[in-house]
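Here is the structure we will look at, set down as structure tokens.
Residue indices begin at 1 and follow the sequence shown.
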Amino acid sequence: MCGFTGFVGEVSNPDVVLENMMNQIIHRGPDSAGAYTDGEAALGFRRLSIIDVEHGSQPLYNEDRSLVLIFNGEIYNFEEIREDLVAKGHTFTTQTDSEVLIHGYEEYGPQLVQKLRGMFAFIIWDKNNKKLFAARDMFGIKPLYYAQMNGTLMFGSEIKSFLPHPHFEKELNEKALKPYLTFQYPVLNETFFKGVFKMPAAHYMTFENGKVELTRYWEPKFNPEERPLDQIVQEIDDTVRESIKAHEFSDKAVQVGSFLSSGVDSSYVASVLKPDKTFTVGFAAKKFSEVDNAQELSKELGIENVSEVLDPEECFNKIDEIQYMMDEPHSNPSIVPLYFLAELARKHVTVVLSGEGADELFGGYEEYDESPSMNKYKKVPGFIRKPVGKIASALPEVRGKHFLMKGGLPVEKTFIGQAHIFEEHESAAILKPEFLDAPSVADIVMPVYSKNPNEDDLTKKQLLDLNLWLVDDILLKADKMSMAHSIELRVPFLDREVMKVASKVPSRYRINSENTKYAFRKASERALPEEWAKRKKMGFPVPIRLWMQEDKYYNRIKETFESATAAKFFDQQAIVKLLTDHYEGKAKNQRKVWSIYVFLVWYNKYFG
């Protein structure tokens with residue numbers, strides 16, 4: 001487990017440049033460092049020791065040292081792949097999962113990625129053919145960025161590792177801001193740094209003769225099968241248990257724990273894993289803490305729960321550090337408690353298991369469900385609802401507008417994912433003109449929707465979230481906040497085998513009148529007390545609404561909104577009004593205010 005960085009291209013003092021790049025990501029791998037340079041390519045690695053602690057340092061090489069590997073992640077089926085490779089004549093020098101990648105690439109070429117079960121981002125440099133191969137796991141659990149500038153290809157686990165390279169040009173991507181204000185996370189493939197791209201999930205990349213080529217190797221799909229519910233539930237439980245066992249794997253010297261909220265996902269993981277310790281954080285404000293529930297379940301399971309109540313002042317003081325670690329502005333408020341949760345866990349363990357991904361795979365979000373009143377409204381003939389929905393979409397923000405839109409317009413027009421902060425016309429009204437020339441919401445969501453025109457609405461929503469929200473919100477913050485504290489976070493629900501099972505669950509067993517994630521919850525009852533299996537999702541609540549009504553934080557945000565930095569991007573009068581209306585209780589603008597504030601904090605950190 002680690003972070004890596006490097007480049008292909010000539011530069012004076014490549015060893016010094018590479019070391020400076022590696023120093024930017026020491027937090028990802030504090031245990032050791034390794035480097036390779038050959039005049040054309042430079043590969044650097046920072047290690048957090050998890051498997052084969054003694055011999056697992058990177059870069060790793062094949063037998064004749066013509067291939068060089070740097071790798072971030074874990075391959076859970078490496079032992080069976082290794083057996084096949086040994087039988088085919090490959091010689092291994094370590095017990096690591098990493099080494100199967102280099103021999104696997106020799107043997108299978110790019111088809112290696114189809115065989116892997118795990119989370120990964122890796123780079124292989126082929127010295128003889130002057131060719132680079134890179135790949136990212138099917139869900140996008142591990143990040144990978146790249147940039148081509150001034151004759152050099154740079155790549156790495158974090159964008160900040162590019163900053164010391166003499167060929168890197170640091171420039172804001174003006175097209176990224178408007179979509180961010182709607183989605184709350186960096187949703188474009190080109191990041192907030194102009195010319196720096198995220199390698200998409202489920203892709204591999206080749207770089208040869210100065211040309212980058214991307215290939216998608218996997219696409220999430222749902223293929224429901226009609227089977228008895230008991231059979232579906234049994235298969236979910238069996239597969240989840242097997243996946244948790246596979247994800248527990250580590251060197252004997254490494255301790256494994258789990259994050260625990262009051263929700264069914266992390267509770268299911270903890271109850272099957274039964275680690276020595278679970279970890280929880282919350283806030284003192286009423287309805288903003290899951291600590292009591294987590295302690296209660298841990299007690300029932302005979303596990304120690306380590307918990308902490310967070311202080312708002314401490315949270316505010318860490319926002320610039322959090323945004324720095326994220327690389328790009330990211331306004332999901334749950335990033336804040338996640339930062340402190342990882343910090344707490346790192347005092348006790350090196351690896352934690354967490355519950356991310358179950359909602360997207362099994363249908364867990366409330367936004368996937370239709371309310372009883374919506375179901376009733378949808379019985380009105382479509383030729384009436386459709387024009388009403390169109391008229392509603394043109395109305396100002398009035399009570400009932402979104403209900404009529406949702407009831408009359410296709411899902412492609414109303415659902416953009418789990419976060420929807422500013423409407424497009426609202427962000428256009430507060431931004432300076434130079435930031436308006438940006439991809440529209442339709443430009444972003446329709447490529448996903450257009451691949452799945454015949455799915456039901458629930459499946460369309462899940463597929464959109466699997467392609468956008470899961471990768472660039474949920475998993476990005478999970479990786480960056482855990483690695484900020486040198487702790488490895490594993491997500492056993494986001495597993496190749498679990499996805500196979502989830503894809504077969506009929507829609508009515510994902511969501512029905514009884515509950516969201518219906519079949520999954522039934523499976524969790526085999527490990528959990530019933531009340532935990534049926535608990536509603538809280539989603540890491542953060543009391544930003546209350547903070548912004550306190551003088552101290554209101555004034556701090558107001559000062560930022562009135563700054564010269566804010567004037568570069570926003571109509572300052574309009575954004576101060578959003579804040580003041582919230583402070584005075586005239587509107588609930590907390591998410592809008594937070595998204596603007598977080599962007600300005602991030603900008604000051606990287607460009608101020």
Side-chain angles (χ1 to χ4, degrees), residues 145 147 149 158-160 162-163 168-198 316-333 335-336 419 421-441 443-444 472 476 544 547-548 553-583 587 589-608:
Y145 300 94
M149 292 180 181
E158 298 190 12
I159 300 169
K160 62 182 71 66
F162 301 166
L163 299 175
F168 183 69
E169 292 175 2
K170 188 175 70 167
E171 189 181 342
L172 182 74
N173 175 16
E174 294 179 344
K175 294 182 188 301
L177 179 54
K178 187 168 177 271
Y180 156 82
L181 290 174
T182 294
F183 286 87
Q184 90 172 3
Y185 57 90
V187 70
L188 305 181
N189 268 345
E190 186 175 13
T191 68
F192 268 82
F193 294 88
K194 200 169 189 173
V196 177
F197 294 85
K198 294 178 285 208
F316 254 88
N317 289 342
K318 282 289 182 185
I319 289 167
D320 65 337
E321 164 76 3
I322 289 168
Q323 291 304 314
Y324 173 73
M325 285 297 178
M326 287 302 300
D327 273 334
E328 298 182 81
H330 207 307
S331 70
N332 188 330
I335 291 177
V336 176
I421 310 303
F422 283 90
E423 296 293 341
E424 284 188 275
H425 67 271
E426 291 175 323
S427 54
I430 63 168
L431 281 169
K432 291 287 175 77
E434 56 267 40
F435 300 99
L436 299 181
D437 177 23
S440 68
V441 167
D443 291 337
I444 293 162
D472 292 328
L476 193 67
I544 57 170
W547 294 348
M548 290 173 194
Y553 304 121
Y554 164 74
N555 288 325
R556 197 183 293 191
I557 295 170
K558 188 165 181 271
E559 188 182 331
T560 304
F561 282 14
E562 290 173 340
S563 68
T565 299
K568 293 178 185 177
F569 303 100
F570 299 104
D571 174 340
Q572 287 177 285
Q573 208 175 337
I575 64 173
V576 169
K577 185 177 178 353
L578 283 173
L579 172 64
T580 305
D581 283 355
H582 180 85
Y583 173 70
N589 289 334
Q590 67 269 21
R591 296 297 289 272
K592 291 176 178 175
V593 169
W594 190 254
S595 294
I596 297 166
Y597 178 61
V598 156
F599 166 73
L600 293 170
V601 167
W602 170 85
Y603 183 83
N604 278 328
K605 193 76 182 168
Y606 276 97
F607 291 89

### Message
Tell me whether Thr580 contacts the main-chain N or O of Lys577 through its side chain, where contact means a donor paired with an acceptor under 3.5 Å.
### Response
no
### Query
Got a second to check how far His330's NE2 is from Leu476's CG, nearest 0.5 Å?
5.0 Å
### Task
Find the distance between CG (Asn589) and OG (Ser595) and round it off to the nearest 0.5 Å.
11.0 Å
### Task
Give a yes or no on whether the backbone of Glu158 and the side-chain of Asp327 come within a donor-acceptor separation of less than 3.5 Å.
no
### Query
Are the side chain of Thr191 and the backbone of Val196 linked by a donor-acceptor contact shorter than 3.5 Å?
yes
### Query
Going through the checks in order, is the side chain to side chain contact (heavy atoms under 4.5 Å, CB included) test met by Tyr324 and Asp320?
CA-CA 6 Å; Tyr324 173 73; Asp320 65 337; over 6 Å; no
### Task
Could you pull out the closest heavy-atom pair between Phe316 and Tyr553, with the gap in Å?
CD1-CD2, 3.5 Å
## Note on the structure
Smallest heavy-atom separation, Gln323 atom then Pro329 atom, equals OE1-CA, 3.4 Å
### Task
Verify the ring-centre separation between Phe599 and Phe569: is it less than 6.0 angstrom?
yes
#### Entry: Minimum-distance pair of heavy atoms, taken over all atoms of Met325 and Lys160
O-NZ, 3.3 Å
### Query
Can you tell me how far the CD atom of Gln572 sits from the CD atom of Glu562, to the nearest 0.5 Å?
7.5 Å
### Message
I need the Lys605 NZ to Ile319 CD1 distance, nearest 0.5 Å.
### Response
12.5 Å
### Task
Find out whether Lys432 and Lys568 are in side-chain contact, i.e. whether some heavy atom of one side chain is under 4.5 Å from a heavy atom of the other.
no
### pair Trp594-Gln184: side-chain heavy atoms closer than 4.5 Å
no
### Query
Rounded to the nearest 0.5 Å, what separation is found between the NZ atom of Lys592 and the CG atom of Leu579?
13.5 Å
### Message
Restricting to non-hydrogen atoms, name the atom on Trp602 and the atom on Glu328 that form the minimum distance, rounded to 0.1 Å.
### Response
NE1-CA, 3.4 Å
### Task
Please assess Val336 against Ile322 for the test side chain to side chain contact (heavy atoms under 4.5 Å, CB included), listing each intermediate value before the final yes or no.
CA-CA 7 Å; Val336 176; Ile322 289 168; 4.3 Å; yes
## Note on the structure
Heavy-atom nearest pair, Ile430 first then Ala574, reads CG2-CB, 3.9 Å
### Query
Out of Phe192, Tyr185, Tyr603, which one pairs with Tyr180 under the ring-ring contact (aromatic ring centres under 6.0 Å, His included) rule?
Phe192
### Query
Under 3.5 Å, is there a donor-acceptor pair between the side chain of Lys178 and the main chain of Leu431?
no
### Leu172 side chain reached by Phe435 side chain, heavy atoms, under 4.5 Å
yes
### Query
After noting the C-alpha distance and the side-chain angles of Phe193 and Phe607, does the key distance pass the ring-ring contact (aromatic ring centres under 6.0 Å, His included) rule?
CA-CA 10 Å; Phe193 294 88; Phe607 291 89; 5.7 Å; yes
### Query
Any donor-acceptor pair under 3.5 Å linking the side chain of Thr182 with the backbone of Ile421?
no
### Task
Using a 4.5 Å cut-off on heavy atoms from C-beta on, say whether the side chain of Asp472 contacts that of Phe183.
no
### Message
Is it the case that the side chain of Asp581 and the backbone of Ala587 share a donor-acceptor pair, with hydrogens and angles ignored and the cut-off at 3.5 Å?
### Response
no
### Task
Return yes when atom CD of Gln573 has more than 12 non-hydrogen atoms of other residues, nucleotides or ligands closer than 6.0 Å, and no otherwise.
no
### Task
Determine yes or no for a side-chain-to-main-chain donor-acceptor pair under 3.5 angstrom, with Glu190 supplying the side chain and Asn173 the backbone.
no
### Message
I'd like to know whether Leu578 forms a side chain to side chain contact (heavy atoms under 4.5 Å, CB included) with Phe561, so could you lay out the CA-CA distance, the side-chain angles of the two residues, the decisive distance to 0.1 Å, and finally the verdict.
### Response
CA-CA 10 Å; Leu578 283 173; Phe561 282 14; 5.7 Å; no
### Message
Using 0.5 Å steps for rounding, measure from the CZ atom of Phe570 to the CG atom of Leu600.
### Response
5.0 Å
#### Entry: Lys/Arg cation over aromatic Tyr606: Lys170, 6.0 Å, 45° cone
no
### Task
Starting from the C-alpha separation in whole Å, work towards a yes-or-no answer on side chain to side chain contact (heavy atoms under 4.5 Å, CB included) for Phe422 and Ile596.
CA-CA 10 Å; Phe422 283 90; Ile596 297 166; 3.8 Å; yes
### Query
Which pair of non-hydrogen atoms, one from Ile544 and one from Arg591, has the smallest distance, and what is that distance?
CD1-CD, 4.0 Å
